[in-house]
Amino acid sequence: MALRVFNVLKREKVDFVPITPGKINMYVCGPTVYDNSHLGHAKTYLSFDMVVRYLRYRGNDVLYVQNLTDVGHLLDTGEDRILKKARQASALPMQVVETYARSYFEDMDALGVTRPDISPRASGHIPEQIAMVETLIHKGHAYVADDGVYFDVGSYPEYGKLSNRRVEEGEAGSRALKGKGKRSAEDFALWILATEEHILQWDSPWGRGYPGWHIECSAMAGKYLGATFDLHGGGIDNIFPHNECEIAQSEAANDAPFANYWLLVGSLTVDGQKMSKSLGNFVTLKDALKRHRPEVIRYFIYQSHYSNPIDYSDGALEAAGSGWERMMTAVRFARDKLRHPVAGVSPDAASIFLPVLEDYKAKFIEAMDDDFNAPNAIAILQSLTTEVNKLLNSAQPVGVEVLKAINDHYLELGGKVLGIVPEAESTSGADAARLEGVVRMLIEMRAQARKEKQFARADQIRDQLKDLGIVLEDRADGTFFRVE
RNA sequence: GGCGUCGUCGCCAAGUGGUAAGGCUAGGGUCUGCAAAACCCUCAUCGUGGGUUCGAUUCCCACCGACGCCUCCA
């Protein structure tokens, strides 16, 4: 079955057909690097991480471009975000940019987010942006004013097609006072002439200045992916004006469609309100990662569909953690058994389970093919977990081939695609081996005590280990331990 | 005011024109020396009111409510 996606541009679920079969060019709007990232950013970039991972898993060659905005993103006071932060921190603007770009990648790496193939910066693509503005002027889509260059929205009839917004005739100028040289309220800046104090400025045909926020994405997407490419992503909150302006500029300049498919991610909310820096209701990723495993954060985000909003709370994350533990307990159990094979059991014992694994894999792919339905995919992994638990807890011997197949399936679907199943933990290395030896010894001592009905002593061993975060579980075929 | 999304079990959350996945929590049971883990069982008629239909939670209309965007935000 073919991959289907909800294309925001058409407002319907359609077959996803790349321009070149097997080759997918995608662009995702990246962050403005002026502060630490929070969980809201994680929702967007984890969503596209899943998209990239799945597309690659299905055999596509994906070129993933995600920009870093380091200039031109203004506050409504007209002040550049980067400059404001720099002034507050008594630092150079590019120091701020460097600090938070690193911080962003640090957090994304910690979450297991696949790095984009190209992370272009706006400040590193000034010539490309100037060239694009010149093209727009030549084609009559932009005009030069006293304070900069503006895109003439009236010259592009399709403006508003993504966000389904119509340019209003009346009440122009009631707002949007920013940009005094505008002819129309809906026109937007392509190039802004800088005042003396504005440190971030470059030479241009229109005088020293800096680019408007939207033009960077158009210029950089065009440079690395071509005039027309397959997939454009971002947060739904940027659908207007940012994404709309990108389309207008690019299509007006290139006389070609911009992105064929638009995928936009729903916002993360707190108590029903969007998590955002301006509201101050955010949890930074650095804090979140101190309290939760990255896999649990991913599990939490993927439990709802990427296009829907998610309401964040500690309780919600903890509940996600419990669900994740259930799945991982089964995985660890299979790995335990794999590490300690029972003598005399044929490697292919219980091989009747192999088709069951294939069946769940097919269901998983079917779910993901349906507009990246990760919540459904996770539900399928949970159902698989029930089957695995039944098998592993039964009296039936399970051969190493089957155990390996179970582990491989979890690693492939839960690990490679969703990033919620880690590789085997602490099974290698001298420390791990030593820990395993020590715990095994204690398990032996406890087994002896139990044999002698000295339950107080047996329980003492178990309780003290639990205090150290090591949980003992007596199963039909022996005692296993897990580290919490 | 305009545009849009959403409203499914106590909580989170999929989904379908023919009586609703999964997780968390709760209750009962099995297993266990006791636990833990696991398994089994129980727990919803899908915001309200109309309409279309043999039949709607799923399609249409209205209303109510929540949220997002319209101004910086992933």
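Every chain is numbered from 1, with letters handed out A, B, ... down the list of sequences.
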Give the table of side-chain donor-acceptor pairs shorter than 3.5 Å for residues 453-469 of chain A, with sequence neighbours excluded, one pair per line with atom names and distance.
unit_1: A:Gln454; atom_1: NE2; unit_2: A:Glu452; atom_2: OE1; d: 3.3

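- Straight-line distance between the P atoms of B:C61 and B:G68: roughly 25 Å, to the nearest whole Å.
- Taking the ring centroids of A:Tyr104 and A:Tyr45, they lie under the 6.0 Å cut-off.
- For residues 305-314 of chain A, every residue pair satisfying the salt bridge (Lys or Arg N to Asp or Glu O under 4.0 Å) rule, not counting sequence neighbours, is listed here: A:Arg291-A:Asp314.
- The same atom, C1', is picked in B:G18 and in B:G28; the two are 33 Å apart, to the nearest Å.
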Taking N or O atoms only and anything under 3.5 Å, show me the protein contacts with nucleotides 39-41 of chain B, one pair per line.
unit_1: B:C39; atom_1: OP1; unit_2: A:Arg326; atom_2: NH1; d: 3.2
unit_1: B:C39; atom_1: OP1; unit_2: A:Asn389; atom_2: ND2; d: 3.4
unit_1: B:C39; atom_1: OP2; unit_2: A:Arg326; atom_2: NH1; d: 3.3
unit_1: B:C40; atom_1: OP1; unit_2: A:Lys390; atom_2: NZ; d: 3.4

**Prompt:** Can you give one letter per nucleotide of nucleotides 26-36 of chain B, 5' to 3': B if a protein heavy atom sits under 4.0 Å from the base, S if only from the sugar-phosphate, - if neither?
**Reply:** -------BBBB
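- The side chain of A:Gln303 lies closest to B:G22 when the candidates are B:G22, B:A37, B:A74.
- Taking atom P on both B:C6 and B:C59, the two are 10 Å apart, rounded to the nearest angstrom.
- Applying the ring-ring contact (aromatic ring centres under 6.0 Å, His included) rule to A:Tyr34 yields no partners; only residues at least two apart in sequence or on another chain are considered.
- Nucleic acid contact for A:Gly160: none, since no nucleic acid atom lies under 4.0 Å from a heavy atom of the residue.
- Partners of A:Lys361 under the salt bridge (charged side-chain N to carboxylate O under 4.0 Å, His left out) rule, at least two apart in sequence or in another chain, are A:Glu412.
- The interatomic distance linking A:Leu317 (CG) with B:A13 (C1') rounds to 15 Å, in whole Å.
- Separation of the C1' atoms belonging to B:C39 and B:A56 is 37 Å when rounded to the nearest angstrom.
- Rounded to whole Å, the P atom of B:C3 lies 25 Å from the corresponding atom of B:U8.
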Each nucleotide N or O in nucleotides 64-68 of chain B that has a protein N or O under 3.5 Å away: list the pair and distance.
unit_1: B:C67; atom_1: O3'; unit_2: A:Gly272; atom_2: O; d: 3.2
unit_1: B:G68; atom_1: OP1; unit_2: A:Lys274; atom_2: N; d: 3.4

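- Of the charged side-chain nitrogens involved, none lies within less than 4.0 Å of a carboxylate oxygen, so that A:Lys182 and A:Asp187 do not count as a salt-bridged pair.
- For A:Phe480, the ring-ring contact (aromatic ring centres under 6.0 Å, His included) partners are A:Phe333, not counting sequence neighbours.
- Cation-pi geometry between A:Arg4 and A:Phe16 is not satisfied (NZ or CZ under 6.0 Å from the ring centre, within 45° of the ring normal).
- A:Asn393 meets the side-chain hydrogen bond (donor to acceptor under 3.5 Å, both in side chains) test with A:Arg475; sequence neighbours excluded.
- With sequence neighbours left out, A:Tyr312 forms a ring-ring contact (aromatic ring centres under 6.0 Å, His included) with no residue at all.
- Between A:Asn373 and B:G15 there is a side-chain polar atom (N or O) within less than 4.0 angstrom of OP1 or OP2.
- As rounded to the nearest Å, B:U48 and B:G10 have P atoms that lie 13 Å from one another.
- Remark: A:Phe353 pairs with no residue by the ring-ring contact (aromatic ring centres under 6.0 Å, His included) rule, at least two apart or across chains.
- Applying the salt bridge (charged side-chain N to carboxylate O under 4.0 Å, His left out) criterion to A:Asp35, with sequence neighbours excluded, gives A:Lys85.
- An OP1 or OP2 oxygen of B:G4 is reached within less than 4.0 angstrom by a side-chain nitrogen or oxygen of A:Asn164.
- Taking atom P on both B:C54 and B:G49, the two are 23 Å apart, rounded to the nearest angstrom.
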